[in-house]
Amino acid sequence: MATWLYRLGLGAYRRRRLVLAAWLAVLAGAVCALVVVGGKLDNEFTIPGSESQRAQDTMAEDFPAAAGTSAQIVFTAPEGTRITDPRATQGIQRTLAAAQDAPQVAAVIPPDRAGTVTPDGRTALAQVNYDVTRSGLDDGSLDALEETTRAAEEAGLEVSVGGQAYGNGVLTPTVLELLGVVVALAVLALTFGSLLAAGMPLLTAFVGIGTGLAGLLAVSSGVTVSSTALSLALMLGLAVGIDYALFVLSRHRAQLARGMEPRESAGRAVGTAGSAVVFAGTTVVIALVGLAVVRIPFLTVMGLSAAATVLIAVLVAVTLLPALFGLAGARLAPRPGSRAARRAAASAGGEEAGKVMGRRWARLVTRRPLLIVVGAVAALVTLALPAADLRLALPDNGTAAHGTSQRETYDTVGEAFGPGFNGPLLVLVEADSPGEAGQGQAAAVAGRLQELPGVVKVGQPQYAAESGRAVIQVVPEGGPQDESTQDLVDAVRDDAPAVERETGAAVSVTGTTAIGIDVSDRLSSSLLPFAAVVVGLCLVLLLLVFRSLVVPVKATVGFLLSVAASFGAVVAVFQWGWLADALDVARTGPVVSFLPIVLMAVLFGLAMDYEVFLVSGMREEWVRTGRAKDAVVDGAGHASRVVTAAALIMFFVFASFVTTEDAIVKPIAFSLAFGVLVDAFVVRMTLVPAVLAMVGRGAWWLPRGLDRLLPDLDIEGARLHEPDRAEPARPLTEINAGSG
């Protein structure tokens, strides 16, 4: 691999203008495709094959208004008045009449018909049904519905509009989200001591992100793409795009500082650091593509979208970046005598090597390795303890930002009528015969539902005489994310066979709340199998790369500790409420159901990224010197500065997205930021050298039979050191003179 990438880097360097033009053409093509075909994001959650989804699809045939999405209009009279007062009544009637004429509205159910007026007469709830799903709503439909409330407001009523038709909007990066880029630039400037070098990873990352996001939005015209998929692709593409370029660029500058000719250095940087980038990117891509095994469409698209941006970041790092090296020439080399040049000499093992902070840290953790291992593992296990209380659910309007219309409606409905009115269940009844007999069966099912514990209200069956189907709205006692609501769904399903025997009608539960419960259940059941696949993949890949038994096992255990600690931190903040106010968490409660799988997929690739860059330096020293402990210290000293910079950049990029009000993106960004911080500094920089120092020479042992069977991937680029591979290096002074 290293030899092939070496040639690719040389080719990109020589044909730099052609490579640059090709990437600009790809970016322009993606943008043009977006402009021509457009695109629309779809935040609808579906789960093909589940009972709730089958019932929803069947219900749409006879009851399109019930199968579509719905909105709520809440009217609240001032203190001392009632909504039944003549002026208030007229305002409500005018509003509901206007709502009936609003775009795409199929039916409006007034409060008196729905029986949703509070006993004190101050609050009333009307329901607006659409015959399309939330993703099928036109851009201005909800705005038009909100405009209809003016008549009620003029009558002195407080009015808010919300309901299931309102979901998470598209994440628009603000100044706070873009702060991560500014911090990344500062870290790069401190790392390289050069604005030219610091700006290069940002430039290549922006090219990769622009290409990936424009292409993703373009294909969203024909493929269901959620705003969360777009947000994850943006976060991940920005983070790995900068990091991958950082790894290759740092190797290139170190080689230039030692006097290597720029063209040869570009090829070697791509062949060595580029090999690790390709390996790390491949692991991320494989893990993200693996989300397809869960068989939930929106999660599959999310994984594929993020994987595409990572793949683009890898291609940019091994093609566009060496082309930019060619344009910059020797100007990327640190000035002789500068601090950056001394760092390069230190990374090469020169006389300044003993002053490297990473080397000092490695010596510290390898001096008492057993104590360090016990302490680090104890700290990670302690952080992971809250994970035992992990609960999963899909977000609802109760997690929307304070001050939004849907959040005000959600809170008002919950306080006035009870939390169950924010997430009613729909029960589909399929009678064994149409006509009056079927209507009687539907009525019998409604009576049976009323007897179940946890049911607050059962609506009148909506009956289709021709098909013998009916829809019954059931209001649970708890909210959409409460365990009692899930218990009620399970109770209805468990009771369905007995109901069919007694009434002759088949019963199934659907609706947004039931679909959300089914999505969370499938994700929960898929978590362990997915974890087993990721762990197995980790062991195999690291076995191939490092040709060792200890390194893969140690890396896998460290990865699991990082994931567990991240789960624990998420539970402590988003379920228990620790630091919730500081992080502006809208509401504590169950964690978004697909966070664990997404976190495992992304953190797996990032952990392997740092593992490869750190341990490959140690293995290179071990092969060269044969001194196990010195190899650990020297290897850590060589890689620590770059790994630290990469981890800090990734942390700040993810952390900047924690400021968003999006109830899905915020916990995902927090978990990734926390996971990167723990994995890079506690696991890779501390636990890894301590364990390898404890094991000593055994860390690099591999049975001879297995050694002969495994292919040699040459991630470290050992073959590039052969005499016929490299070009003669010229003195740095000569290079600088020639470039001027």
Side-chain angles (χ1 to χ4, degrees), residues 65-66 69-102 105-130 142-166 396-398 400 402-426 446 450 454-462 472-480 482 485 513 587:
T69 191
S70 64
Q72 296 172 318
I73 306 178
V74 180
F75 305 93
T76 304
E79 191 75 36
T81 63
R82 300 167 63 91
I83 56 103
T84 54
D85 293 344
R87 186 184 177 198
T89 299
Q90 292 177 5
I92 292 175
Q93 289 175 348
R94 290 199 301 270
T95 291
L96 296 183
Q100 183 65 68
D101 295 332
V105 171
V108 175
I109 304 175
D112 53 354
R113 179 180 156 196
T116 48
V117 179
T118 56
D120 62 3
R122 284 197 58 210
T123 306
L125 173 64
Q127 182 169 312
V128 179
N129 290 336
Y130 294 89
L142 294 179
D143 293 334
L145 180 63
E146 293 175 8
E147 289 293 326
T148 65
T149 64
R150 289 183 179 177
E153 291 172 347
E154 292 172 356
L157 300 176
E158 292 183 13
V159 187
S160 62
V161 183
Q164 296 168 352
Y166 289 79
D396 54 31
N397 286 335
H402 291 286
T404 58
S405 177
Q406 60 264 41
R407 178 59 186 269
E408 291 180 358
T409 302
Y410 186 97
D411 292 341
T412 303
V413 169
E415 293 171 3
F417 300 98
F421 281 83
N422 282 310
L425 305 175
L426 295 178
Q450 188 68 66
V455 173
V456 172
K457 180 182 178 183
V458 176
Q460 290 293 327
Q462 301 178 46
I472 304 172
Q473 187 181 72
V474 178
V475 179
E477 185 177 341
D482 291 347
T485 303
T513 300
R587 188 186 71 175

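The shown structure was predicted, so the numbers you read here are calculated from the model rather than taken from an experiment.
Panel note: side chain T95, backbone A152; a donor-acceptor pair is recorded below 3.5 Å. Looking at Q72, its side chain does come within 3.5 Å of a backbone N or O of F421 through a donor-acceptor pair. Using a distance-only test at 3.5 Å, with no hydrogens or angles considered, a donor-acceptor pair links the side chain of R82 to the main chain of D120. A side-chain donor-acceptor contact under 3.5 Å links R122 to the backbone of A77. Judged purely by atom type and a 3.5 angstrom limit, S405 has no side-chain atom pairing as donor or acceptor with the backbone of G162. The main-chain N or O of G398 is found under 3.5 Å from a side-chain atom of D396 such that the two form a donor-acceptor pair. Proximity of a side-chain donor or acceptor of T485 to a complementary backbone N or O of G479 within less than 3.5 Å is detected. When atom types are taken as modelled, the side chain of T118 and the backbone of A416 share no donor-acceptor pair closer than 3.5 angstrom. For the pair S160 (side chain) and Q406 (backbone), a donor-acceptor distance under 3.5 Å is absent.
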Practice problem: Apply side chain to side chain contact (heavy atoms under 4.5 Å, CB included) to the pair L145 and I73, showing each step before the final yes or no. | Solution: CA-CA 9 Å; L145 180 63; I73 306 178; 4.1 Å; yes

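Taking CG from L96 and OG1 from T149, the interatomic distance works out to 11.0 Å, rounded to the nearest 0.5 Å. In this structure, the separation between CZ on F75 and CD1 on I92 is 5.5 Å, given to the nearest 0.5 Å. Separation of atoms CG (N397) and CG (N422) is listed at 7.5 Å; rounding is to 0.5 Å. Interatomic distance, Y410 OH to Q164 CD, rounded to the nearest 0.5 Å: 11.0 Å. D85 contributes atom CG, which lies 9.0 Å from atom CG of L157 (distance to the nearest 0.5 angstrom). Between atom OG1 of residue T409 and atom CZ of residue R407 there is a gap of 11.5 Å, rounded to the nearest 0.5 Å.
For CD of E146, the number of neighbouring non-hydrogen atoms (other residues, nucleotides, ligands) closer than 6.0 Å is greater than 12. At most 12 non-hydrogen atoms from other residues, nucleotides or ligands lie less than 6.0 angstrom from CD of Q460.
In plain terms, the two heavy atoms of G423 and P480 that are nearest each other are CA-CG, 3.8 Å. The heavy-atom pair separating L142 from A165 by the smallest distance is CD1-O, 3.6 Å.
Side-chain contact check for Y130 versus V105: some heavy-atom pair is nearer than 4.5 Å.
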